[in-house]
Amino acid sequence: MQETYNPAEIESEAQQHWQENNSFKVSEDPDREKYYCLSMFPYPSGKLHMGHVRNYTIGDVVTRYQRMLGKNVLQPMGWDAFGLPAEGAAIKNNMAPAKWTYSNIEYMEGQLRQLGFGYDWDRELATCKPDYYKWEQWLFTELYKKGLVYRKNSVVNWDPVDQTVLANEQVIDGRGWRSGALVERREIPQWFIKITDYADELLEELDNMGDWPEQVRTMQRNWIGKSYGVRFAFPYELDGKAEQLWVYTTRVDTIMGITFCAVSAEHPLALHAAQDNAELAAFLEECQSGSVAEADLATMEKKGMPTGISVTHPLTGEQVPVWVGNYVLSGYGEGAVMAVPAHDERDFHFAKAYGLEIKHVIQVGDKSFSTDAWEEWYADKENGVCVNSDKYNGLNYADAVDAIAADLSAKGLGEKQVQYRLRDWGVSRQRYWGAPIPMVHCDKCGIVPVPKEDLPVVLPEDVEFDATGGSPIKKMPEWSNTSCPACGGPAERETDTFDTFMESSWYYARYTCPDAGDDMLDERANYWLPVDHYIGGIEHAILHLLYARFYHKLMRDAGLVSSDEPFTKLLTQGMVIAETYYRDEADGSKTWFNPADVDTEQDTKGRVLSAKLKSDGQPVVVGGTEKMSKSKNNGVDPQDMVDLFGADTVRLYTMFTAPPDQSLEWSDEGVEGANRFIRRVWSLAANRSGEISGAGSDTCNLDDTQKEARREIHAALKQARFDYERQQFNTVVSACMKVVNALYKLGDSAADKVVLKEGFSIVLRLLAPIAPHVTHKLWRELGYGDEILDTSWPEADESALVQESIQYVAQVNGKVRAKINVPADAAREAIEQAALADANVQKFIDGKTVRKVIVVPNKLVNIVAN
RNA sequence: GCCCGGGUGGCGAAAUUGGUAGACGCAGCGGACUUAAAAUCCGCCGAUCAUUGCGAUCGUGCCGGUUCAAGUCCGGCCCCGGGCACCA
């Protein structure tokens with residue numbers, strides 16, 4: 001056996017072995033328990049980053065572990081290939097998005113193979129291929145026929161200089177990223193899918209999804225935001241006509257405190273009032289600038305202007321002024337709100353700013369209300385009761401809502417209503433690099449979906465890009481001109497493309513039958529689905545995961561799948577972060593330096609004192625740890641690490657350094673430590689291969705030291721099993737390290753060798769999912785078997801764990817005062833007596849009365865004395 | 001602004017979920033091997049005080065509470081991160 005560990009050789013040999021033996025190719029086998037393990041597929045941005053490596057290592061570890069438990073495991077891989085960055089790259093490199101994307105895929109696929117991930121590559125798919133997006137085009141037309149798809153106006157970021165729609169990401173401080181022009185909000189017709197029809201099911205199902213992290217379920221619940229409220233109207237007269245201003249509120253109990261109403265800048269009432277009010281018209285104009293992102297809307301300065309129109313309070317008959325507020329969202333609810341400054345914080349500040357009346361109508365206990373400053377209790381609906389509210393005085397929230405809703409209903413001016421925060425899914429994008437929306441506009445027939453036999457509507461890939469970022473297919477009449485599928489007359493194609501979330505919402509299902517030619521999915525889908533274990537970044541907790549859940553239900557209702565939910569178990573991994581270094585430039589900007597190009601100086605405790613750039617020896621500022629990104633230039637290239645240490649080291653390091661759901665901080669020294677551990681495993685095998693090789697196990701009488709070593713090995717095995725089950729892989733690795741440390745202490749006797757061999761074969765199997773190459777090699781080299789990949793999981797020997805005496809902690813009043821050894825079968829009284837007899841314990845209870853003695857089995861004794 | 005997380009030694013973390021805080025590793029220090037260095041192996045390693053030794057006090061972001069016992073549970077704050085519907 002070779003003395004030194006040579007990862008490059010071992011890894012290419014193992015990878016070749018898996019490829020030649022089709023080790024990861026799987027098919028449906030009704031006799032075996034299936035396990036579908038899936039990692040979120042990557043966007044082919046150029047090369048793998050550390051976040052990918054971490055994500056896919058977790059997935060591969062789960063895959064190989066489940067396989068050793070005897071399951072029929074599917075682990076596929078593919079490419080989320082449509083998206084905005086390809087268009088940016090097209091402009092920058094003068095290269096068509098398709099070409100750029102395909103070359104990235106080719107390179108990144110090679111990287112994935114080098115990391116030893118066990119994918120069934122026969123199932124690989126790329127979402128930009130027509131035979132993939134054909135099926136989401138088809139499903140969309142089916143949904144249209146079912147009435148689940150509709151078209152309506154919706155607001156986008158418009159760059160007035162480049163004459164193009166911008167993504168929220170492309171709006172920086174309210175300006176277009178390329179042109180620098182102030183962004184405008186513009187309404188255009190777009191396609192929507194009725195996700196709100198499924199809101200209740202999407203919400204209720206969350207209660208049964210116990211294998212999803214609670215935080216993700218909470219985020220989705222809040223996002224759906226089911227609320228119980230009242231929709232009601234303020235009557236008013238306009239140009240002699242009776243009109244109604246409708247609002248929705250969850251706090252109708254405060255209705256007697258209304259002092260004004262606020263409408264959005266797009267509201268018909270606002271538009272009408274602006275017709276002969278130049279100042280208001282200018283304000284509405286001003287409200288049209290800025291991004292459409294909710295975070296921007298919510299943090300901007302709250303501004304308003306009176307419309308001059310008053311409406312009638314539905315219960316009191318008082319006149320209520322209507323204002324335009326830039327903070328009122330036109331897309332949510334009615335685009336208009338009632339305002340109760342006394343009991344809503346946002347209304348309170350708005351009223352203070354514009355000198356509007358504040359009417360106190362909810363009281364909690366004997367607290368005193370003042371209009372000087374906002375206090376939390378003003379909005380307390382749990383403990384509040386109505387005051388200054390005529391007949392509703394003294395009612396609590398629930399009773400007030402019932403009484404007021406009944407009165408509004410009697411007048412025909414309102415009723416209780418359930419509402420969702422969730423909005424319908426807008427799937428139109430005014431971009432080129434996406435799946436064309438399969439709709440045709442015909443002057444005679446209106447909108448006509450493209451029939452199945454004419455699908456896919458293929459996106460032309462050989463296109464020229466201009467610098468404004470406008471979509472080429474919007475300027476290609478030879479593509480957009482077509483004939484109407486209904487009447488055969490001249491018609492035009494829809495030139496918008498789908499949101500890329502459309503592709504990522506069903507790829508997991510297509511992997512089960514990627515070659516299905518006649519249908520979106522075939523019967524194989526129901527063998528594999530739902531996905532048993534889904535792994536991906538926490539940043540996808542809401543949007544991607546909610547759309548995928550929705551899409552699954554759409555496919556179910558189209559008869560394509562039989563399950564209700566797509567992902568049984570979810571693991572959300574944390575970010576990969578690293579130290580940042582920069583220098584301030586004269587123009588106020590910062591230049592960021594890669595950690596690899598910086599040397600640090602540390603004090604004796606290892607704290608970083610200062611840092612210098614390697615190339616010029618001049619100081620740089622230490623900027624703290626942040627998410628690895630291009631903008632901070634703190635990315636560590638996984639390829640460099642694989643080239644230097646091998647895939648096993650990189651995999652082991654990413655698993656060992658942090659639990660999967662926490663952020664992982666990159667450290668060069670840490671990687672060396674991981675590499676050191678693998679070399680330690682290798683050296684142990686190389687040094688003692690003659691003594692520990694061969695299949696089968698031996699038995700021998702063990703002395704106390706050997707028994708203790710064996711106990712440590714089996715305790716670590718038990719812990720590793722427990723930790724694999726709960727996906728805490730960092731402690732799996734530390735269990736392996738403990739075993740190896742114990743093995744290093746064993747000597748040369750026959751009994752030592754028996755323990756050593758058993759322990760070594762155990763640690764190789766514990767490590768196999770994490771470091772598959774080196775364990776594959778050693779397993780064969782030592783003659784333990786052919787395929788560690790298919791070796792069954794080792795079981796802990798409970799008899800090895802039994803101890804004759806157990807160490808108890810003796811506490812006095814909760815403080816540790818002694819450690820005592822007690823026979824394992826000692827009675828409670830004996831344990832108490834042993835603790836009380838200890839000299840140091842005696843010192844602390846001397847002169848006091850023992851009130852109580854608590855014994856926690858196998859752990860501690862606490863003596864309460866005073 | 002709203003929703004969801006997280007804060008434990010010099011550093012990454014552990015504590016099987018209310019029962020010995022700091023397992024395992026990194027860095028550091030000391031020793032062995034070596035002509036030497038690297039590599040490797042062995043040992044020490046929260047702070048303060050005390051010390052020949054035993055030990056004592058403090059310590060899990062901050063303030064308060066519940067409990068025989070709190071990193072863990074409850075209430076209030078501070079800081080950091082993720083998401084906010086056209087980044088993926």
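A note on names: the letters A, B, ... follow the listed sequences, proteins ahead of strands, and every chain is numbered from 1. Everything numeric here is computed off the predicted structure, so don't read it as measured data.
Listed pair A:Arg679 / B:C41 fails the phosphate criterion, with no side-chain N or O lying under 4.0 Å from OP1 or OP2. Look at A:Arg429 and you'll find a side-chain N or O under 4.0 angstrom from OP1 or OP2 of B:C86. At B:C26, one or more side-chain N or O atoms of A:Arg676 fall inside 4.0 Å of OP1 or OP2 (strictly under the cut-off). Remark: A:Asn687 is not in phosphate contact with B:C41, judged by side-chain N or O atoms under 4.0 Å from OP1 or OP2. The phosphate of B:A14 (OP1 or OP2) has no side-chain N or O of A:Ser734 nearer than 4.0 angstrom. Remark: A:Lys819 is not in phosphate contact with B:C54, judged by side-chain N or O atoms under 4.0 Å from OP1 or OP2. Checking the phosphate oxygens (OP1, OP2) of B:C86, no side-chain nitrogen or oxygen of A:Arg423 falls inside 4.0 Å. For A:Asn840 and B:A56, the shortest distance from a side-chain N or O to OP1 or OP2 is below 4.0 Å. Between A:Arg817 and B:A56 there is a side-chain N or O to OP1 or OP2 distance below 4.0 Å. Between A:Asn730 and the phosphate of B:A14, there is a side-chain N or O to OP1/OP2 separation shorter than 4.0 Å.
Remark: P of B:C84 and CD of A:Glu539 are 10 Å apart, rounded to the nearest angstrom. The CE-P distance, from A:Met737 to B:C41, rounds to 12 Å in whole Å. If you take CG of A:Leu571 and P of B:G82, they are 19 Å apart, rounded to a whole angstrom. A:His540 has its NE2 atom 10 Å from the P atom of B:C84, to the nearest Å. Separating the CG atom of A:Leu545 from the P atom of B:G83 is a distance of 13 Å, rounded to the nearest angstrom. Taking atom CD of A:Gln719 as the reference point, atom P of B:C24 lies 11 Å away to the nearest angstrom. Distance, A:Met219 CE to B:G5 P: 7 Å, rounded to whole Å. Separating the CG atom of A:Asn675 from the P atom of B:C26 is a distance of 11 Å, rounded to the nearest angstrom.
As judged by a 4.0 angstrom heavy-atom cut-off over every strand, A:Val816 is placed among residues touching the sugar-phosphate backbone only. The residue A:Ala839 sits apart from the nucleic acid: no heavy atom pair falls under 4.0 Å. Across all strands, A:Leu84 comes closer than 4.0 Å only to sugar-phosphate atoms, never to a base (heavy-atom distances). Across all strands, A:Trp425 comes closer than 4.0 Å to no nucleic acid atom at all (heavy-atom distances). At a threshold of 4.0 angstrom between heavy atoms, the contacts of A:Thr299 include nucleobase atoms, whether or not backbone atoms are also involved. Heavy atoms of A:Gln728 sit under 4.0 angstrom from primed sugar atoms or phosphate atoms, though from no base atom. Looking at heavy-atom distances under 4.0 Å, A:Gln215 makes contact with sugar-phosphate atoms alone, never a base. A:Phe844 comes within 4.0 angstrom of the backbone, heavy atoms only, and of no base. Across all strands shown, A:Pro659 has heavy atoms under 4.0 Å from sugar-phosphate atoms exclusively, and none from any base. Across all strands, A:Met575 comes closer than 4.0 Å only to sugar-phosphate atoms, never to a base (heavy-atom distances). Among the protein residues, A:Val853 comes within range of no part of the nucleic acid, since none of its heavy atoms lies under 4.0 Å from any strand. Heavy atoms of A:Asp661 sit nowhere under 4.0 angstrom from any nucleic acid atom. Residue A:Ser504 is out of contact with every strand shown, counting any heavy-atom pair closer than 4.0 Å. Heavy atoms of A:Arg680 sit under 4.0 angstrom from primed sugar atoms or phosphate atoms, though from no base atom.
Considering only side-chain atoms of A:Trp223, the nucleotide from B:A15, B:A85, B:A88 that sits closest is B:A85. The side chain of A:Thr657 approaches B:G12 more closely than any other nucleotide in the set B:C41, B:G82, B:G12. Distance from the side chain of A:Asp80 is smallest to B:A88 among B:A88, B:A23, B:G83. Taking the side chain of A:Arg421 as heavy atoms from C-beta on, and the options B:G1, B:G12, B:A85, the nearest nucleotide is B:A85. For A:Val165, the side-chain atoms get nearest to B:C86 when compared with the rest of B:G19, B:C86, B:C4. Taking the side chain of A:Leu860 as heavy atoms from C-beta on, and the options B:C87, B:C26, B:G19, the nearest nucleotide is B:G19. In the set B:C86, B:G1, B:G82, B:C86 carries the atom at the smallest distance from any side-chain atom of A:Val156.
With respect to the salt-bridge test (charged N to carboxylate O, under 4.0 angstrom), the residues A:Asp347 and A:Lys302 do not qualify. Salt bridge A:Lys474/A:Asp496: present, at least one basic N to carboxylate O contact under 4.0 Å. Between A:Glu214 and A:Arg221 there is a salt bridge, with a side-chain nitrogen of the basic residue lying less than 4.0 Å from a carboxylate oxygen of the acidic one.
Heavy atoms of other residues, nucleotides or ligands lying less than 6.0 angstrom from CG of A:Asn6 number more than 12.
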Pull out every protein N or O sitting under 3.5 Å from an N or O of nucleotides 62-68 of chain B, one pair per line with the distance.
from	atom 1	to	atom 2	distance (Å)
B:C68	O2'	A:Asn862	ND2	3.4
B:C68	O2	A:Asn862	ND2	2.7

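Residue A:Gln220 places no side-chain atom within donor-acceptor reach of the base of B:C3, judged by atom type and a 3.5 Å distance cut-off alone. Looking at A:Gln430, its side chain comes within 3.5 Å of the base of B:C86 through a donor and an acceptor atom. In the interface, the side chain of A:Lys859 is not paired with the base of B:U20 through any donor and acceptor atom under 3.5 Å apart.
Judged as a ring pair (Phe, Tyr, Trp, His ring centres under 6.0 Å), and not counting sequence neighbours, the contacts of A:Tyr5 are A:Trp682. Residues passing the ring pair (Phe, Tyr, Trp, His ring centres under 6.0 Å) test with A:Trp223, sequence neighbours excluded: none.
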Step-by-step side chain to side chain donor-acceptor pair (under 3.5 Å) determination, A:Gln220 to A:Trp212: CA-CA 11 Å; A:Gln220 293 215 346; A:Trp212 277 39; over 6 Å; no
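For B:G28, the paired base is B:C44 (Watson-Crick or G-U wobble, both distances below 3.5 Å). Pairing for B:G5 is with B:C80, a Watson-Crick or G-U wobble pair whose two hydrogen-bonding atom distances lie under 3.5 Å. A 3.5 Å limit on both hydrogen-bonding distances identifies no Watson-Crick or G-U partner for B:C54. When both pairing distances are held under 3.5 Å, B:C68 makes a Watson-Crick or G-U pair with B:G19.
Between A:Trp100 and A:Tyr43, the ring planes lie tilted relative to each other; the angle falls in the 30° to 60° range.
Taking syn as a glycosidic angle within 90° of 0, B:U17 qualifies as syn. For B:G81, the glycosidic angle deviates from 0 by more than 90°, giving an anti base.
In this structure a side-chain-to-backbone donor-acceptor pair under 3.5 Å is missing from A:Asn153 to A:Glu187.
A:Asn858 contributes atom CG, which lies 9.0 Å from atom CD of A:Gln803 (distance to the nearest 0.5 angstrom).
Within the cation-pi definition used here (under 6.0 Å to the ring centroid, within 45° of the axis), A:Arg680 qualifies as a partner of A:Tyr744.
Aromatic pair A:Tyr327/A:Phe350: centroids less than 6.0 angstrom apart.
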